[in-house]
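Scroll down for the structure; my scribbles are underneath it.
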2 protein chains.
Amino acid sequence: MEKKSYPLSKVYQLIETGPVVLVTTSSKGQANVMALAWHTMMDFEPPVIGMVLGEQSLSFQTLKATGECVINIPTVELARKVVGCGNCSGRTIDKFRKFGLTPVKAAKVKPPLVAECYASLECKVIDARLAAKYNFFILQVLKAWVDPSVKEARTIHHRGKADFMVAGRTITVPSKMK
Amino acid sequence: MEKKSYPLSKVYQLIETGPVVLVTTSSKGQANVMALAWHTMMDFEPPVIGMVLGEQSLSFQTLKATGECVINIPTVELARKVVGCGNCSGRTIDKFRKFGLTPVKAAKVKPPLVAECYASLECKVIDARLAAKYNFFILQVLKAWVDPSVKEARTIHHRGKADFMVAGRTITVPSKMK
């Protein structure tokens, strides 16, 4: 695996742009992966992320039961696999096998990292108060991994239906913001 | 104003990509505007959006007190003004005047739309349970406005500090996703 450990203080820089992510969960040794786009940073350090999962999904049930997941960030080369993961259920399919994704053992949680994604965030649920009403989970990032060779990651960003925006150029605007 | 009324059922297509937004609030006839990047869709229709505001900000206080805001989505031409709005406080500065932003009367809430932004979402707070602990507000979009001449909006997406990714090309990947 080409990913290296990444400082928790910089995790927000991965998530703020709004990329579609692949979320892995694991139950009784069986890993699953889903695609989602509804997430936000909620705090810098330790990094806290809020995330909405469709309540009908197997991943929703598993996250609720186990309290652990890995948020993996894919780039445009993986677009077809990401959409594939979003279009079927782990109840009937081993998505890792179907889409040729490689699970890699995580350091602090049971669900695996996805080797093909340039960044992976190992997370635990810290607040599920809004899970019943809004399908919303609040996660703390315990450990982050990033492939340092990837600069200005060409992440994908859902524009609805079959359309995805690919991350474009980076501009610099003098700022006092974090 | 070039913006037209926009169907609530398509609002998610504006927010899912993760753009930096300009949020307007209004108290006692005085409008204010802040920049933020921590938001997520939470439901399709009516559209529900979750958003984190720094608790030290005037906008946080005003949103908590009034329960109303407008989420305006700027494109790259406005990048310097957006960063400017993020680097000062409405307590001491009229940011509309300082940055040459034009307030436009909203249809359903008191805070104004920002004329220069290609899209504006009039919102009311529907759940502030997590405001105290996470500075997190849940908003329902009451009315949406979009400039129909803007295709593949060149929104800006924070990569941390002074770096902003500009929305790139759109690709199409056959999908059953909404």
Side-chain angles (χ1 to χ4, degrees), chain A residues 10-20 35-43 48-52 76 79-84 86-88 127 129-130 133-136 138 152-178, chain B residues 10-20 35-43 48-52 76 79-84 86-88 127 129-130 133-136 138 152-178:
Chain A
K10 292 171 73 179
V11 163
Y12 76 98
Q13 299 182 3
L14 304 171
I15 291 295
E16 273 194 29
T17 57
V20 174
L36 66 84
W38 289 9
H39 57 70
T40 178
M41 286 305 302
M42 297 185 73
D43 207 352
V48 175
I49 296 174
M51 190 169 78
V52 178
V76 64
R80 284 184 175 274
K81 296 184 179 198
V82 171
V83 172
N87 281 341
C88 62
D127 199 323
R129 256 184 290 173
L130 299 190
K133 185 160 185 190
Y134 298 101
N135 304 335
F136 186 70
I138 300 180
E152 300 190 2
R154 296 289 165 236
T155 44
I156 56 176
H157 303 251
H158 196 214
R159 283 199 186 279
K161 309 282 174 68
D163 293 337
F164 295 84
M165 178 270 279
V166 181
R169 71 186 196 281
T170 295
I171 60 171
T172 300
V173 187
S175 170
K176 290 185 288 188
M177 283 191 237
K178 188 166 181 179
Chain B
K10 292 171 73 179
V11 164
Y12 76 97
Q13 300 182 2
L14 304 170
I15 290 295
E16 273 193 29
T17 57
V20 174
L36 67 84
W38 289 9
H39 57 71
T40 179
M41 286 306 301
M42 297 184 74
D43 208 350
V48 175
I49 295 174
M51 190 170 76
V52 177
V76 65
R80 285 185 175 274
K81 296 183 179 199
V82 171
V83 172
N87 281 340
C88 63
D127 198 324
R129 254 183 292 173
L130 299 190
K133 186 159 184 191
Y134 298 101
N135 305 334
F136 187 72
I138 301 180
E152 300 190 2
R154 295 289 165 238
T155 46
I156 56 176
H157 303 250
H158 197 215
R159 283 199 185 278
K161 309 280 175 70
D163 292 338
F164 295 83
M165 178 270 280
V166 181
R169 71 187 197 280
T170 296
I171 61 172
T172 300
V173 185
S175 169
K176 289 185 288 187
M177 284 191 237
K178 187 166 183 181

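Worth saying up front: this structure is predicted, and the values here are computed from it rather than measured.
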Could you tell me the separation between the OG1 atom of Thr40(A) and the CD1 atom of Ile49(B), rounded to the nearest 0.5 Å? 11.5 Å
Side chain to side chain, Asp43(A) and Tyr134(B), heavy atoms closer than 4.5 Å: no
Is Met165(A) close to Glu16(B) at the side-chain level, that is, under 4.5 Å between some pair of heavy atoms? no
With distance as the sole criterion, is a donor-acceptor pair present between the side chains of Asp163(B) and Thr170(A) under 3.5 Å? no
Answer yes or no: is there a side-chain heavy-atom contact under 4.5 Å between Thr17(B) and His158(A)? no
Measure the acute angle between the ring planes of Phe136(B) and Phe136(A), then classify it against the limits of 30° and 60° as parallel, tilted or perpendicular. parallel
Measure the spacing between CZ of Arg159(A) and CD1 of Ile171(B) and express it to the nearest 0.5 Å. 11.5 Å
Going by the rule side chain to side chain donor-acceptor pair (under 3.5 Å), which residues pair with His157(A) if we only count those two or more places apart in sequence or in a different chain? Thr155(A)
Do side-chain atoms of Ser175(B) reach the backbone of Ala162(A) as a donor and acceptor pair under 3.5 angstrom? no
Quick one: which of Met41(B), Glu152(B), Gln13(B) has the most heavy-atom pairs under 4.5 Å with chain A, could you say? Met41(B)
Report the option among Asp127(B), Val76(B), Leu14(B) that has the most heavy-atom pairs separated by less than 4.5 Å from atoms of chain A. Asp127(B)
Chain A contacts, top residue of Ile15(B), Asn135(B), Leu130(B) (heavy-atom pairs, under 4.5 Å): Leu130(B)
How long is the straight-line distance from CZ of Phe164(A) back to CZ of Arg169(B), given to the nearest 0.5 Å? 13.5 Å
Atom CZ of Arg80(B): over 12 foreign heavy atoms under 6.0 Å: no
